[in-house]
Amino acid sequence: MDDSPNTSSPLTAHPLTRAVLEIDEYASGLGWDQPARLFALVNTAQLRVEEPQLAEQLGPDPADHDASALTPVEQDSLPPHTALDEFLGTIAWPNAVTGCALTVERLMLPPSAEESVPEELGGAELNNWVAEHPDRQEVRMTVAVLRDGTRDSAVRLRSKDATTEVLTGERLVPGLADALAATFEE
């Protein structure tokens, strides 16, 4: 992650929303056509205590503003040629991790186009059909969950690639949020 504090994302009420927007902004700075990226979310105040050498990189002390602030910590690259759902099924987080987030790029269709998907298509054929559809949209989704079940997400369309155009909300990508929440189940 960038060593400087994120000043381009708007201040929001919930620490998870701020973390999601910080990750979205980071991913945006890397450009499009990037692999999926996984992040651990840790309590910033706790991280300052346990890793004081990181305090300068973390920016101003959040205790002055919000003791529940979260710091995203990017994890190692996801293994190539492994399905995302299979990979997420292998994750177990240590107790110090408050939550996790994933940013991933996908093609999406509007609801009107989804109704026209041929029923016989599946797997690679379906992917090819979506990739060739004239109404497809390239999106980057950043989804985060906390251990307590709190969720948030951001969706950025490639065709509207601007910070002011990012959509946020708890229920934008429910399937991916469910898969991330499952990484905290014992």
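Residue Val143 is grouped with residue Leu167 when hydrophobic side chains (ILVMFWY) are merged at heavy-atom distances under 4.5 angstrom, including chains of intermediate members. Hydrophobic clustering (ILVMFWY, side-chain heavy atoms < 4.5 Å, transitive): Phe39 and Leu30 are in one cluster.
Residues Ile23 and Leu41 share a closest heavy-atom pair of CD1-CD2, 4.2 Å. The heavy-atom pair separating Ala144 from Val20 by the smallest distance is CB-CG2, 3.5 Å. Closest approach of Ala40 and Gln75 over heavy atoms only: CB-NE2, 3.5 Å. When all heavy atoms are compared, the tightest approach of Leu78 to Ala36 is CD1-O, 3.7 Å. Across Arg156 and Ser28, no two heavy atoms sit closer than the pair NH1-OG, 3.4 Å. For the pair Glu105 and Gln34, the tightest heavy-atom approach, listed with the atom from each and the gap, is OE2-N, 3.2 Å.
Taken from OG1 in Thr163 to CG in Asp24, the straight-line distance is 7.0 Å, to the nearest 0.5 Å. Separating the CG atom in Leu21 from the OG1 atom in Thr142 is a distance of 8.5 Å, to the nearest 0.5 Å. Within the model, atoms CZ of Arg171 and CG of Asp152 stand 11.0 Å from one another, a figure rounded to the nearest 0.5 Å. Note that CG of Leu176 is 10.0 Å distant from CZ of Arg151, once rounded to the nearest 0.5 Å.
The shortest distance between side-chain heavy atoms of Leu172 and Met141 does not fall below 4.5 Å. Proximity of His133 to Leu109: side-chain heavy atoms (C-beta onward) are separated by under 4.5 Å at one or more points. Side-chain contact between Gln137 and Val155 is absent, with no heavy atoms from C-beta onward closer than 4.5 Å. Thr71 has its side chain out of reach of Glu22: every pair of non-hydrogen atoms, C-beta onward, lies at least 4.5 Å apart. The shortest distance between side-chain heavy atoms of Leu70 and Leu146 falls below 4.5 Å.
At distances below 3.5 Å, not a single donor-acceptor pair connects side-chain atoms of Thr183 with backbone N or O atoms of Ala92. With Thr44 contributing its side chain and Ala69 its backbone, the two residues share a donor-acceptor pair below 3.5 Å.
Under the rule for a side chain to side chain contact (heavy atoms under 4.5 Å, CB included), the partners of Glu138 that lie at least two apart in sequence or sit in another chain are Asp33, Leu107, Arg158. Shown here are the side chain to side chain contact (heavy atoms under 4.5 Å, CB included) partners of Ala27, two or more places apart in sequence or in another chain: Thr103, Arg140.
Classification of the Trp93-Phe184 ring pair by plane angle, with boundaries at 30° and 60°, yields parallel.
At most 12 heavy atoms of other shown residues, nucleotides or ligands fall within 6.0 angstrom of atom CG in Asp76.
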Applying side-chain contact (heavy atoms from CB on, under 4.5 Å), run through Val73 and Val97 and close with a yes or a no.
CA-CA 10 Å; Val73 179; Val97 174; over 6 Å; no
Step by step, would you call Asn43 with Thr98 a side chain to side chain donor-acceptor pair (under 3.5 Å)?
CA-CA 7 Å; Asn43 179 280; Thr98 305; 5.6 Å; no
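Across Val173, Leu102, Ile91, a single residue satisfies side chain to side chain contact (heavy atoms under 4.5 Å, CB included) together with Leu180, and that is Leu102.
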